[in-house]
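Worksheet: one structure, shown below.
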Amino acid sequence: MPELPEVETTRRGIAPWLEGRTLVCARVREPRLRWPIADEIRQLGDEPVRGVRRRAKFLLLDLDSGQLLLHLGMSGSLRVVVADTPPDKHDHLDLVLDSGRALRLRDPRRFGAALWTSEPDRHPLLDKLGPEPWDPGVDGEWFYRKARGRRRAVKDFIMDAGILVGVGNIYAQESLFRAGIHPARAAGRISRKRYGLLADTIRAVLGEAIEVGGTTLRDFAGAGGAPGYFRQQLTVYGRGGEPCRSCGRTLRAVRHGQRGTVYCPRCQR
DNA sequence: ATCGGGACCTGCTTGC
DNA sequence: TGCAAGCAGGTCCCGA
């Protein structure tokens, strides 16, 4: 479900309910997520929430004793609920607040995570991450240098969180279409100029998706339950076999690795 | 060093 | 209508 725009939409939705409030306790119903829910989280009590930030697709809750990291994986979502609301089958974790509300993590596939670090922003999983798409220096020249000698498909390259964070399967396809780049083209065989366009395009696509509250697929909704509206702006994702909105040619759907990929064989080279 | 593939899960859609 | 296969937004880790 969540790519960067969905995570950022979630962050904006939950932050006003958390910041300035005190976390009273955590209730763990199912600790078996991608990694077991950290013991430190179970033992939390009476800690003011100093901030709710995002790094890549992690949500970071800054507390005085350390930092709680939440990842939504493929199917995770966060809602703010009245604390005694009966949990759904897949509601694995509640962070109970002094306001009588709780931040509730739901994740049917359990690819998500709830982790802990006593050193803010220094969890091992954060250390290997590349820059955010909006970080200064992420431009055509930067991509071009990073891609030197690489033969792998540019789609895989831009989805590699060690290179750049925040580009998942939906927005990789959308960005490559808008930039006119074939998803299977070798990363090392793209010019500075085209990478410059791609860098701008990735920021534009992600930015537009954040502005409209992300993409609603299946059951994604923001923290308040409102759907995201980027779905209406998807140009290639999920449209294999349908006509290209730019040239009319039939969009091709292929499988690259294990992931579906749709592109226009005429507009993307 | 770089890469491709498998693995982790459940639920919904599709096709026989 | 029932059942199985296929597919889904992420990403770590392994072996080649």
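Any value given below was found using the heavy atoms of this structure, including those in side chains, with hydrogens, waters and symmetry copies removed. Numbers restart at 1 for each chain; the letters A, B, ... are given by sequence-line order, proteins then strands.
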Between [N] ([atom2]) and [X] ([atom1]): distance, integer Å:
X         : N       : atom1 : atom2 : result
Arg255(A) : dG4(B)  : CZ    : P     : 16 Å
Trp35(A)  : dC13(C) : CH2   : C1'   : 10 Å
Arg34(A)  : dG10(C) : CZ    : C1'   : 7 Å
Glu30(A)  : dC9(B)  : CD    : C1'   : 11 Å
Phe157(A) : dA1(B)  : CZ    : C1'   : 14 Å
Leu115(A) : dT11(C) : CG    : P     : 13 Å
Arg54(A)  : dG10(C) : CZ    : P     : 14 Å
Arg109(A) : dT11(C) : CZ    : P     : 13 Å

Apply the test side chain to side chain contact (heavy atoms under 4.5 Å, CB included) to residues Tyr195(A) and Ile181(A): give CA-CA distance (whole Å), side-chain angles for both, the deciding distance (0.1 Å), then the verdict. CA-CA 9 Å; Tyr195(A) 267 129; Ile181(A) 297 172; 5.7 Å; no
With a 4.0 Å heavy-atom cut-off, tell me which residues in residues 147-154 of chain A come close to DNA chain B, sorted by residue number. Arg150(A), Arg151(A), Arg152(A)
Measure from the side-chain N and O atoms of Arg11(A) to the backbone N and O of Val52(A), and report whether any donor-acceptor pair falls under 3.5 Å. yes
Between Thr85(A) and Val81(A), is there a donor-acceptor pair closer than 3.5 Å when you use the side chain of the first and the backbone of the second? no
Indicate, with yes or no, if Ile170(A) and Leu198(A) share a hydrophobic cluster defined by side-chain heavy-atom contacts under 4.5 Å among Ile, Leu, Val, Met, Phe, Trp and Tyr. yes
Path from Trp116(A) to Leu72(A) over hydrophobic side-chain contacts below 4.5 Å: yes
dT14(B) to dG9(C) separation - P atoms, rounded to the nearest Å: 15 Å
Does [X] place a side-chain N or O at less than 4.0 Å from the phosphate oxygens OP1/OP2 of [N]?
X         : N       : answer
Tyr171(A) : dG9(C)  : no
Lys128(A) : dT11(C) : no
Gln258(A) : dG6(B)  : yes
His90(A)  : dC9(B)  : no

Are side-chain N/O atoms of Ser65(A) and Glu47(A) paired as donor and acceptor at under 3.5 Å? yes
Regarding Asp46(A) and Thr22(A), is there a side-chain donor-to-acceptor distance under 3.5 Å anywhere? no
Where the side chain of [X] is concerned, which of [options] is the nearest nucleotide?
X         : options                   : answer
Arg259(A) : dG10(C), dG11(B), dC12(C) : dG10(C)
Lys89(A)  : dG9(C), dG5(B), dG11(B)   : dG11(B)
Ile170(A) : dG6(B), dC12(C), dG9(C)   : dG9(C)

Where is the tightest heavy-atom contact between Trp134(A) and Arg54(A), given as atom of each residue plus distance? CZ3-NH2, 4.3 Å
Distance-minimising heavy-atom pair for Gln173(A) and Val262(A): OE1-N, 2.9 Å
Answer with base, sugar-phosphate or nothing: what part of the nucleic acid does Arg110(A) contact at a heavy-atom distance below 4.0 Å? sugar-phosphate
When you compare the side chain of Cys264(A) with that of Ser246(A), does any pair of heavy atoms fall below 4.5 Å? no
For DNA chain B, produce a single dot-bracket line, 5' to 3'. Pairs: Watson-Crick or G-U wobble, both distances under 3.5 Å. Symbols: ( ) within strand, [ ] crossing, | other strand, . unpaired. .|||||||.|||||||
On DNA chain B, more 5' by nearest nucleotide between Phe111(A) and Asp156(A) is Asp156(A)
